[in-house]
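We use all heavy atoms of the structure for the numbers below, so side chains are in, but hydrogens, waters and symmetry mates are not. Note that the structure is a prediction, hence the values are computed from the model and not measured.
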Amino acid sequence: MFVLDVGLLIEAKKKNVGQVTLALPFDTLAPSSLHSKVLDRKLAGLIFDREVSFVGDRVTYGSTTFTALEAMTQMATKVDAFTQRGFSLWDIPLTKEIQKGQSAYVRVRFPISGTGRTWQWTKSRLVRNGAIFDFRISDIRSSQKVVGGSQLIDRIRPIRSVAAFVMAPIWLHAATLHPEPEYIRLLEGNVWSDYLERSPELSRRSRLVVYYWKEEPRPDKPITTQNPMRAFAQFRVTARPSAIRTALIASPILAFVVWGLFGVPVRAEIVQWWNETWAAIAGFIAPNGIAIISIAIVIAGITAILKLVGWSKSIGRWVKKRFHGFEQWLFHLLRDVGPRD
């Protein structure tokens with residue numbers, strides 16, 4: 001299951017700020033606050049990749065100092081008027097207002113129930129062979145895909161800088177990256193267990209690759225609708241084919257080629273078995289042909305009806321929800337007992 005962590009350093013320049021509104025290019029579930037993670041010395045060092053010091057709720061790393069403020073995620077509301085497939089809009093109140101002229105840092109996590117156009121798996125002959133990642137911030141073209149999206153454009157605030165991280169499995173090879181990431185690294189495995197509140201991977205060996213894009217602070221050119229940030233990546237599956245599957249496919253082909261080239265005689269028992277099997281199949285189908293066709297028609301009719309009334313989608317959502325529940329349970333268990341190779 002995908003998750004989206006959002007950290008915001010909010011500057012109240014013109015008035016007090018008591019609420020933030022986030023437009024996300026995903027289908028998302030109710031957010032949770034990561035305030036306690038930000039105030040944890042060990043986890044804060046992971047988040048900001050720096051040695052961190054604290055004075056109350058004041059956090060300092062390098063030349064940066066800010067006040068950590070908690071979001072009232074239990075009071076967060078999804079704006080249904082704009083929310084649609086592949087897009088969600090959230091109003092999130094803060095525990096207290098940020099006074100004019102001051103700033104504060106807020107961090108929240110959204111479980112993602114649908115990735116929309118931002119992350120799309122690609123297939124070839126019904127087999128998943130890669131993925132496309134297309135992430136945009138303050139991009140006016142994206143608003144055109146949202147019903148009533150033009151009404152949100154004036155609410156977009158300038159963003160001074162962005163640090164965007166994407167984690168992808170190691171068997172997805174980055175064929176195209178634009179712009180070039182700031183860096184690429186392997187995720188540090190169980191180091192992140194407490195932050196994620198679950199084991200990040202099934203194995204002890206890291207199999208997640210981190211791609212990091214950074215938009216440096218530029219006071220004269222912030223990220224706006226006139227200067228959006230875009231990150232694009234195309235991934236290809238590079239895993240080697242299964243040895244068992246290769247053997248199963250190659251064996252009958254090789255046997256047929258050898259028989260064709262060298263005229264190896266086919267044993268009478270094999271020929272007899274084939275003839276008896278084929279006769280049995282034909283003997284069953286001939287007298288029961290009408291029944292088989294009737295059953296096929298009934299199944300096709302039921303499938304069509306299920307699609308019409310939307311039951312298939314409901315069943316799919318139910319299965320997906322149960323699978324994600326099992327996945328969360330499994331990774332929480334691995335956090336306690338430790339992953340295995």
S.K.: According to a hydrophobic-cluster definition based on side-chain heavy atoms being under 4.5 Å apart (Ile, Leu, Val, Met, Phe, Trp, Tyr only), do Leu22 and Val146 belong together?
M.R.: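 No, it is not one cluster - the side chains of Leu22 and Val146 are not joined through contacts under 4.5 Å.
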
S.K.: Going from CG on Leu46 to CG on Asp194, what distance comes out if it is rounded to the nearest 0.5 angstrom?
M.R.: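 Spacing of CG (Leu46) from CG (Asp194) equals 9.0 Å.
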
S.K.: How far does CH2 of Trp90 sit from OG1 of Thr77, to the nearest 0.5 angstrom?
M.R.: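 Rounded to the nearest 0.5 Å, the CH2-OG1 separation comes out at 7.5 Å.
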
S.K.: Rounded at 0.5 Å granularity, tell me how far CZ in Arg58 sits from CZ in Phe66.
M.R.: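 The CZ atom of Phe66 is 9.5 Å from CZ of Arg58, to the nearest 0.5 Å.
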
S.K.: Can you find a pair of side-chain heavy atoms, one from Leu186 and one from Val210, that are under 4.5 Å apart?
M.R.: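 No, every pair of side-chain atoms sits at 4.5 Å or beyond.
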
S.K.: Asp49: what forms a salt bridge (Lys or Arg N to Asp or Glu O under 4.0 Å) with it, not counting sequence neighbours?
M.R.: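 For Asp49, no residue satisfies salt bridge (Lys or Arg N to Asp or Glu O under 4.0 Å) once neighbours in sequence are set aside.
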
S.K.: Sub-3.5 Å donor-acceptor pair from the side chain of Thr122 to the main-chain atoms of Gly130, do we have one?
M.R.: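 At least one qualifying donor-acceptor pair exists.
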
S.K.: Would you say Phe48 and Phe165 are hydrophobically clustered, going by side-chain heavy atoms of ILVMFWY under 4.5 Å?
M.R.: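 As far as the 4.5 Å side-chain criterion goes, Phe165 and Phe48 are connected within one cluster.
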
S.K.: With distance as the sole test, does Asn16 use its side chain to make a donor-acceptor pair with the main-chain N or O of Gln99 at under 3.5 Å?
M.R.: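 Flag not set: sc Asn16 to bb Gln99 has no pair under 3.5 Å.
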
S.K.: Is the side chain of Glu215 donor-acceptor paired with the backbone N or O of Met229 at a distance under 3.5 Å, no angle test?
M.R.: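 Between the backbone of Met229 and the side chain of Glu215 there is no qualifying donor-acceptor contact (under 3.5 Å).
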
S.K.: Please round to the nearest 0.5 Å and tell me the distance separating atom CD of Glu70 and atom CG of Leu39.
M.R.: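 Going from the CD atom of Glu70 to the CG atom of Leu39 covers 9.0 Å.
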
S.K.: Step by step, work out the side chain to side chain contact (heavy atoms under 4.5 Å, CB included) result for Leu9 and Arg160.
M.R.: CA-CA 10 Å; Leu9 182 57; Arg160 190 161 55 91; 4.2 Å; yes

S.K.: What are the two closest heavy atoms between Val3 and Pro111, and how far apart are they?
M.R.: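 In terms of heavy atoms, the two residues are closest at CG1-CA, 4.3 Å.
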
S.K.: Using the ring pair (Phe, Tyr, Trp, His ring centres under 6.0 Å) rule, pick out the option among Phe235, Phe135, Phe26 that qualifies with Trp119.
M.R.: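 Of Phe235, Phe135, Phe26, ring pair (Phe, Tyr, Trp, His ring centres under 6.0 Å) with Trp119 is met by Phe235 alone.
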
S.K.: Side chains of Val209 and Leu187: closer than 4.5 Å at any heavy-atom pair?
M.R.: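 Counting from C-beta outward, Val209 and Leu187 never come under 4.5 Å.
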
S.K.: Between the side chains of Arg136 and Asp134, is the shortest nitrogen-to-carboxylate-oxygen separation below 4.0 Å, so that they form an ion pair?
M.R.: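 Salt bridge present between Asp134 and Arg136.
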
S.K.: Taking CD in Gln144 as the centre, count heavy atoms belonging to other residues, nucleotides or ligands within less than 6.0 Å. Is the count above 12?
M.R.: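 Yes, CD of Gln144 has more than 12 neighbouring heavy atoms, counting only those of other groups under 6.0 Å.
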
S.K.: Which heavy atom of Thr83 sits nearest a heavy atom of Leu89, and at what distance?
M.R.: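 Where Thr83 meets Leu89 most closely, the heavy atoms are OG1-N, 3.4 Å.
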
S.K.: Nearest 0.5 Å please: distance from the OG1 atom of Thr73 over to the CG atom of Leu94.
M.R.: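 Between Thr73 OG1 and Leu94 CG, I get 11.0 Å after rounding to 0.5 Å.
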
S.K.: Counting only N and O atoms by type, is there a donor-acceptor contact under 3.5 Å from the side chain of Asn227 to the main-chain atoms of Pro222?
M.R.: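 Yes; judged by distance alone, with no hydrogens or angles, the pair exists.
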
S.K.: Quick check: do Val6 and Leu8 have side-chain heavy atoms less than 4.5 Å from each other?
M.R.: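 Side chain of Val6 against side chain of Leu8, heavy atoms only: contact under 4.5 Å found.
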
S.K.: Any idea which heavy atoms bring Ile98 and Ala104 closest together, and the distance?
M.R.: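 Closest approach of Ile98 to Ala104, heavy atoms only: CD1-CB, 3.7 Å.
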
S.K.: Would you call Glu197 and Lys37 a salt bridge, taking side-chain N to carboxylate O under 4.0 Å as the test?
M.R.: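 Counted as a salt bridge, because a side-chain N and a carboxylate O are separated by less than 4.0 Å.
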
S.K.: Could you see if Phe133 belongs to whatever hydrophobic cluster contains Ile137? Use Ile, Leu, Val, Met, Phe, Trp, Tyr and a side-chain cutoff under 4.5 Å.
M.R.: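 Phe133 and Ile137: one cluster.
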
S.K.: Tell me, do Thr115 and Gln120 make a side-chain contact under 4.5 Å, heavy atoms counted?
M.R.: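 They are not in contact (no side-chain heavy atoms under 4.5 Å apart), so the answer is no.
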
S.K.: Between Asp5 and Tyr195, does a side chain to side chain contact (heavy atoms under 4.5 Å, CB included) hold up when you go through it step by step?
M.R.: CA-CA 11 Å; Asp5 288 4; Tyr195 174 75; 2.5 Å; yes

S.K.: Treating Ile, Leu, Val, Met, Phe, Trp and Tyr as nodes and any side-chain heavy-atom pair under 4.5 angstrom as an edge, say whether Val17 and Leu152 lie in one connected cluster.
M.R.: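 Each belongs to a different hydrophobic cluster.
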
S.K.: Arg230: what forms a salt bridge (Lys or Arg N to Asp or Glu O under 4.0 Å) with it, not counting sequence neighbours?
M.R.: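 Here the qualifying residues are Asp139.
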
S.K.: List the steps, then state whether side chain to side chain contact (heavy atoms under 4.5 Å, CB included) holds for Tyr212 with Arg185.
M.R.: CA-CA 9 Å; Tyr212 170 40; Arg185 75 175 202 272; 5.7 Å; no

S.K.: Indicate the atoms forming the closest heavy-atom contact of Pro179 with Ala231, along with that distance.
M.R.: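 Scanning both residues completely, I find the closest heavy atoms to be CD-CA, 4.2 Å.
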
S.K.: Between the main-chain N or O of Val52 and the side-chain N or O of Arg41, is there a donor-acceptor pair closer than 3.5 Å?
M.R.: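 Checking the backbone N and O of Val52 against the side chain of Arg41, a donor-acceptor pair under 3.5 Å is found.
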
S.K.: What heavy-atom pair brings Gly148 and Phe82 nearest, and what distance separates the two atoms?
M.R.: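 Smallest heavy-atom distance, with atoms named: O-CE2, 3.2 Å.
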
S.K.: For Glu180, give me all partners under salt bridge (Lys or Arg N to Asp or Glu O under 4.0 Å), at least two apart in sequence or on another chain.
M.R.: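 Counting only residues at least two positions away or on another chain, Glu180 forms no salt bridge (Lys or Arg N to Asp or Glu O under 4.0 Å).
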
S.K.: Go through the structure and list residues passing salt bridge (Lys or Arg N to Asp or Glu O under 4.0 Å) with Lys15, not counting sequence neighbours.
M.R.: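 With neighbours one apart ignored, the set is empty.
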
S.K.: Please name all residues satisfying side chain to side chain contact (heavy atoms under 4.5 Å, CB included) with Met75, sequence neighbours left out, ordered by chain then number.
M.R.: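 With neighbours one apart ignored, the set is Met72, Pro93.
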
S.K.: Hey, what do you get for CD (Gln234) to OG1 (Thr176), rounding to the nearest 0.5 Å?
M.R.: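 That separation rounds to 4.5 Å.
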
S.K.: Count the heavy atoms belonging to other residues, nucleotides or ligands that lie under 6.0 Å from CD of Glu182, then report whether that count exceeds 12.
M.R.: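 Yes.
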
S.K.: Grab the two heavy atoms, one from Pro228 and one from Ser138, that are nearest each other, plus how far apart they are.
M.R.: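 Smallest heavy-atom distance, with atoms named: CB-O, 3.4 Å.
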
S.K.: Which ILVMFWY residues are connected to Ile140, directly or by a chain of links, through side-chain heavy atoms under 4.5 Å apart?
M.R.: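 Besides Ile140, the hydrophobic cluster comprises Ile153, listed by chain and residue number.
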
S.K.: Would you say Ile156 and Thr224 make side-chain contact, with heavy atoms under 4.5 Å?
M.R.: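 Not in contact.
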
S.K.: Got a sec: does the CZ of Arg109 have more than 12 other heavy atoms crowding it under 6.0 Å?
M.R.: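 Atom CZ in Arg109 is crowded, with more than 12 foreign heavy atoms closer than 6.0 Å.
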
S.K.: Given 3.5 Å as the limit, does a donor-acceptor pair link the side chain of Thr118 with the main chain of Pro25, or not?
M.R.: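 Yes, because the side chain of Thr118 sits within donor-acceptor range (under 3.5 Å) of the backbone of Pro25.
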
S.K.: Hey, any chance Phe232 and Tyr183 share a hydrophobic cluster, counting ILVMFWY side chains that come within less than 4.5 Å of each other, even indirectly?
M.R.: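 Different clusters.
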
S.K.: Taking it one step at a time, do Thr21 and Ile92 satisfy side chain to side chain contact (heavy atoms under 4.5 Å, CB included)?
M.R.: CA-CA 6 Å; Thr21 299; Ile92 306 176; over 6 Å; no

